[in-house]
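These notes concern the structure reproduced below.
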Protein chains: 2
Amino acid sequence: MASKEQRHRAIQEIISRESISTQAQLVERLRNMNFDVTQATVSRDISELRLVRVPLGRGKHKYALAHLELSEDVMDELRRIFPTFVRDVDRGENIVVLKVSEGHASGIALLIDRLRRDDIVGTIAGEDSILVVGRTIQAAEALQEEFEALLTQGSDTM
Amino acid sequence: MASKEQRHRAIQEIISRESISTQAQLVERLRNMNFDVTQATVSRDISELRLVRVPLGRGKHKYALAHLELSEDVMDELRRIFPTFVRDVDRGENIVVLKVSEGHASGIALLIDRLRRDDIVGTIAGEDSILVVGRTIQAAEALQEEFEALLTQGSDTM
DNA sequence: TGGCTCAATGCATGAAGATGCGGACTGTGC
DNA sequence: GCACAGTCCGCATCTTCATGCATTGAGCCA
């Protein structure tokens, strides 16, 4: 049985590879990949992944990843979950390593990716670790400090 | 009589100032500003302005300006320089390796980073090679094909 | 003026997306 | 085991959005 998280990954991959204009189309692609879902579920997935439907003019549309300054929202989310799931922040040169509660690595890494910061080249999530690749050592130092700050001072804005 | 152009500007101003979640709401705001329009017209305006409706979770939405042209421009740039500077595309698992003309690696890697594609975890540029780390092996396979297409002719969609 | 064409728009309706409800399943505590 | 709570998801339906068609009005020219 395919998990919801796998399906979310699949959706992101599908829309970044091909041009999907309706949820029905997405359902079709997912079914070809053996995800047995309906439009209702895809609608909920799109909402959770915050995908946007971009008008391309003359009535064409395509789904895309939201490239927005939603960063604020993402930061709020990170502030909320960091103290709960992240246990340690360390660094080797330009790589910041986060130790997190088992199973939460990919979720947190996804959030960090969504920050779309220019000083972060990318992230890789394992079981209980996340590697955050800084663009430079200096950038990684600053990141390390920011992450450490998130660890101790958990605020919430709901 | 307010022109279409004026209305378009008003719409952009409204959505950047307050949180608009449906076209009906936008019609209401426009009417308060003496633009006498219907939902049909607003729908066409949104299409022309390429505004996106972003899901905010828990069933909330808001209209926002789309930021996608960036990737389009970057793709054009890549199409232009790929045949000139990239000499080979290869892959090992989820890592795509580009062999490029000496000294051009970092410039091209920067462009690839700017695509901000979720299926690309990150890139690392050496002297004459670029490693592009795909999020999955499947993603890297697809990337390899796309890069190869760019190599021979510059006319595909990404 | 009368007769074109074209852009803009409303109306009515069809298409696409969101959601309330309930069933199936899982995990937890007693 | 049973009861309860939580999550996921399909179905049916409602809401929201897109659009074919008709109308209006502006600009143009004979």
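Order of the sequence lines fixes the chain letters, A, B, ..., with proteins taken first and strands second; residue numbering starts at 1 for each chain.
Remark: A:Ser21 pairs with A:Gln25 by the side chain to side chain donor-acceptor pair (under 3.5 Å) rule, at least two apart or across chains. Contacts of B:Asp45 classified as side chain to side chain donor-acceptor pair (under 3.5 Å), with partners at least two apart in sequence or in another chain: B:Arg7, B:His8. Judged as a side-chain contact (heavy atoms from CB on, under 4.5 Å), and not counting sequence neighbours, A:Glu28 has no contacts. With sequence neighbours excluded, the residues that form a side chain to side chain donor-acceptor pair (under 3.5 Å) with A:Arg29 are A:Glu18. Every residue meeting the side-chain contact (heavy atoms from CB on, under 4.5 Å) condition with B:Ile95, not counting sequence neighbours, appears here in chain and number order: B:Val97, B:Leu131, B:Val133. Scored by the salt bridge (charged side-chain N to carboxylate O under 4.0 Å, His left out) test, A:Arg53 finds no partners at all (sequence neighbours excluded). When the side-chain contact (heavy atoms from CB on, under 4.5 Å) test is applied to B:Gln12, the partners found at least two apart in sequence or on another chain are B:Leu49, B:Leu65. Scanning for side-chain contact (heavy atoms from CB on, under 4.5 Å) contacts around B:Glu141 gives B:Arg91, B:Ile137, with sequence neighbours left out. With sequence neighbours left out, the salt bridge (charged side-chain N to carboxylate O under 4.0 Å, His left out) criterion links A:Asp36 to A:Arg31.
Within the 4.0 angstrom heavy-atom criterion, only backbone atoms of the sugar-phosphate kind lie near B:Asp36; the bases stay farther away.
When rounded to the nearest whole Å, the span between CZ of A:Arg50 and C1' of C:dG17 equals 18 Å. Look at CG on A:Leu51: it is 16 Å from C1' on C:dA16, rounded to the nearest Å. Rounded to an integer number of Å, the gap from NZ of A:Lys60 to C1' of C:dA15 is 14 Å. Atom-to-atom, CG of A:Leu30 to P of D:dG10 comes out at 11 Å; the value is rounded to the nearest Å.
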Enumerate the protein-to-nucleotides 12-18 of chain D contacts in which both atoms are nitrogen or oxygen and the separation is below 3.5 Å.
residue : atom : partner : partner atom : Å
D:dC17  : OP1  : B:Arg53 : NE           : 3.1
D:dC17  : OP1  : B:Tyr63 : OH           : 2.6
D:dC17  : OP2  : B:Gln23 : N            : 2.7
D:dA18  : OP1  : A:His61 : NE2          : 3.3
D:dA18  : OP2  : B:Gln23 : NE2          : 2.8
D:dA18  : OP2  : B:Ser43 : OG           : 2.7
D:dA18  : N7   : B:Gln39 : NE2          : 3.0
D:dA18  : N6   : B:Gln39 : OE1          : 3.0

Report, one pair per line, the protein and nucleotides 5-8 of chain D atoms (nitrogen or oxygen only) whose separation is under 3.5 Å.
residue : atom : partner : partner atom : Å
D:dC8   : OP2  : A:Lys4  : NZ           : 3.4

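Side-chain N or O atoms of A:Asn94 include one that pairs as donor or acceptor with a backbone N or O of A:Gly134 at under 3.5 Å.
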(request) Verify side chain to side chain donor-acceptor pair (under 3.5 Å) between A:Lys99 and A:Ser129, making sure each step is shown before the conclusion. (result) CA-CA 5 Å; A:Lys99 292 290 184 189; A:Ser129 296; 3.2 Å; yes
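Annotation: the terminal axes of the helix from C:dT1-D:dA30 to C:dC30-D:dG1 meet at 20°, where each axis is the rotation carrying the C1' atoms of four end pairs onto the next four (5 pairs per end, rounded to 10°).
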